[in-house]
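First listed ligand is number 1; within each ligand, the first listed atom is number 1.
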Amino acid sequence: MKIIMLGAPGAGKGTQAKMIAERYGIPHVSTGDILRANIKNGTELGAKAKTYMDQGLLVPDDLVVDLVIDRFREADCQNGYILDGFPRTIPQAEALDRALQAIGESVDYAINVEVPDENIVRRMSGRRACVSCGATYHIVYNPTKVENICDVCGGELILRDDDKPETVQNRLSVYHDQTQPLIEYYNKKGILQQVDGTVDMKDVFAAICKILGE
Ligand code: ADP
Ligand code: ADP
Ligand code: ZN
């Protein structure tokens with residue numbers, strides 16, 4: 001099963017993708033997580049990507065596409081995967097289609113998590129990420145058991161630099177310009193599924209499970 005998660009920054013793609021990955025036994029592939037790991041490890045790719053990410057801009061397509069396509073070739077992706085944060089532009093979607101077509105495959109579901117812009121800033125300013133394992137929480141909607149300590153690994157929680165309100169506005173306009181057109185792209189292919197992302201996390205998850213089949 002190959003699934004793409006679509007939605008604005010902060011819509012809950014990562015939160016849902018982690019739960020889907022666990023339930024269906026497929027890997028969660030997040031380009032944001034891969035890029036942040038590259039920054040943390042001081043790679044050349046990380047250094048290039050950081051200049052864009054800090055401004056809330058997209059990293060150029062050629063840097064991201066190869067990264068994702070290489071990831072698919074790994075053994076754990078043979079039964080499918082859930083893509084979170086990729087594709088983010090029409091050229092990325094076309095590159096993905098070409099790579100899959102070349103091996104006789106295609107995407108099964110594109111799930112769009114709908115959340116209006118008004119809710120996004122509140123989501124992002126309350127988001128906290130674990131520096132060690134990448135788990136995400138929200139100070140109000142999904143708090144940790146102990147303040148500022150990751151439930152999963154005991155790591156420290158931080159507010160991502162690009163989740164500060166001034167950068168969030170940029171990311172939202174980049175989303176509307178460059179990523180939102182993917183909704184129509186996948187609609188035309190007949191694989192688009194819409195879910196209401198404003199309800200409680202577990203209700204969003206239930207709606208997605210219904211689409212995917214329990
Ligand atoms: P969000 O929580 O907003 O969905 P991500 O963690 O997916 O954020 O991405 C953080 C940043 O990483 C983006 O703002 C962008 O700079 C970069 N990025 C992640 N995925 C891609 C992609 N597919 N194409 C270009 N840039 C990307
Ligand atoms: P994305 O990957 O789309 O950027 P996240 O999954 O990281 O989004 O979610 C953004 C923030 O909103 C996180 O702090 C998360 O805990 C919180 N969140 C996710 N889903 C919901 C929901 N249904 N209701 C309230 N808060 C949510
Ligand atoms: Zn952790």
Any atoms of ligand 2 less than 4.0 Å from a non-hydrogen atom of [X]? List them with their elements.
X: D200; answer: 23 (N)
X: A8; answer: 3 (O)
X: Y141; answer: 25 (C), 26 (N)
X: G197; answer: 23 (N)

Can you find an N or O of [X] that's nearer than 3.5 Å to an N or O of ligand 1?
X: D162; result: no
X: F86; result: no
X: R127; result: yes
X: L57; result: yes
X: D33; result: no
X: R36; result: yes

>> Testing the 3.5 Å rule here: is there a donor-acceptor pair between the side chains of D33 and H28?
In response: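 On atom types as modelled, these side chains do not qualify, holding no pair under 3.5 Å.
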> Which one holds for R160 and ligand 1: side chain close, backbone close, both close, or neither close, with close meaning a heavy atom under 4.0 Å?
Replying inline: side chain
>> For V59, which part has a heavy atom under 4.0 Å from ligand 1: side chain, backbone, both, or neither?
In response: both
> Which of these, M53, R171, Q55, M5, has its nearest heavy atom closest to atom 8 (O) of ligand 1?
Replying inline: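 Heavy atom nearest to atom 8 (O) of ligand 1 belongs to R171.
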Would you indicate whether [X], at its atom [atom1], is surrounded by more than 12 heavy atoms from other residues, nucleotides or ligands within a distance under 6.0 Å?
X: Y185; atom1: OH; value: yes
X: N187; atom1: CG; value: yes
X: K18; atom1: NZ; value: yes

Does one hydrophobic cluster hold both [X] and [Y], with members joined at side-chain heavy-atom distances below 4.5 Å?
X: F72; Y: L45; answer: yes
X: I82; Y: V195; answer: yes
X: M5; Y: L182; answer: no
X: V113; Y: M1; answer: yes

> To the nearest 10 degrees, how large is the angle at the Zn ion (ligand 3) between C150 SG and C130 SG?
Replying inline: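 So the angle at the metal works out to 110°.
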> Which part of A17 is near ligand 2, with near meaning a heavy atom under 4.0 Å away: side chain, backbone, both or neither?
Replying inline: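 Answer for A17: neither.
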> Where on T198 is there a heavy atom closer than 4.0 Å to ligand 2, on the side chain, on the backbone, on both, or on neither?
Replying inline: neither
> Can you list every pair that meets salt bridge (charged side-chain N to carboxylate O under 4.0 Å, His left out) and has a residue in residues 55-70, with sequence neighbours left out?
Replying inline: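 Every salt bridge (charged side-chain N to carboxylate O under 4.0 Å, His left out) pair that includes a residue of residues 55-70, provided the two are not neighbours, is D70-R73.
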>> I'd like to check which ligand 1 atoms, numbered from 1 as shown, lie under 4.0 Å from a non-hydrogen atom of T31.
In response: 19 (C), 20 (N), 21 (C), 23 (N)
>> Out of all atoms in ligand 1, which are within 4.0 Å of some heavy atom of G85? Include the element for each.
In response: 20 (N), 21 (C), 22 (C), 23 (N)
> Can you tell me how far the CZ atom of R127 sits from the OG1 atom of T15, to the nearest 0.5 Å?
Replying inline: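 Answer for the CZ-OG1 pair, R127 versus T15, is 8.0 Å.
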> Taking atom CG of L58 and atom OG1 of T31, what is their separation to the nearest 0.5 Å?
Replying inline: 9.5 Å
Does an N or O from [X], backbone or side chain, lie closer than 3.5 Å to an N or O of ligand 2?
X: P9; value: no
X: Q16; value: no
X: V204; value: no
X: Y137; value: yes

To the nearest 0.1 Å, how far is [atom] from its closest protein heavy atom, and which atom is that?
atom: atom 6 (O) of ligand 2; result: T15 OG1, 2.5 Å
atom: atom 10 (C) of ligand 2; result: G10 O, 3.6 Å
atom: atom 24 (N) of ligand 1; result: Q92 NE2, 2.9 Å
atom: atom 23 (N) of ligand 2; result: V199 O, 2.8 Å
atom: atom 9 (O) of ligand 1; result: R88 NH2, 3.6 Å
atom: atom 4 (O) of ligand 1; result: K13 NZ, 3.0 Å
atom: atom 12 (O) of ligand 2; result: R123 CD, 3.2 Å
atom: atom 18 (N) of ligand 2; result: M201 CE, 3.6 Å
atom: atom 2 (O) of ligand 2; result: G14 N, 2.8 Å

> Between R98 and L96, is a side-chain contact (heavy atoms from CB on, under 4.5 Å) present by the stated rule, with each step listed?
Replying inline: CA-CA 5 Å; R98 278 195 304 272; L96 174 64; over 6 Å; no
>> Quick test of your reading of the model: are D163 and R128 salt-bridged, counting only N-O distances below 4.0 Å?
In response: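 The answer is no: the pair does not qualify as a salt bridge.
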> Between R71 and D76, is there a salt bridge with N-O shorter than 4.0 Å?
Replying inline: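 Salt bridge flag = yes for R71 with D76.
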>> Main chain of L83, side chain of K2: is a donor-acceptor contact present, judged purely on distance under 3.5 Å?
In response: no
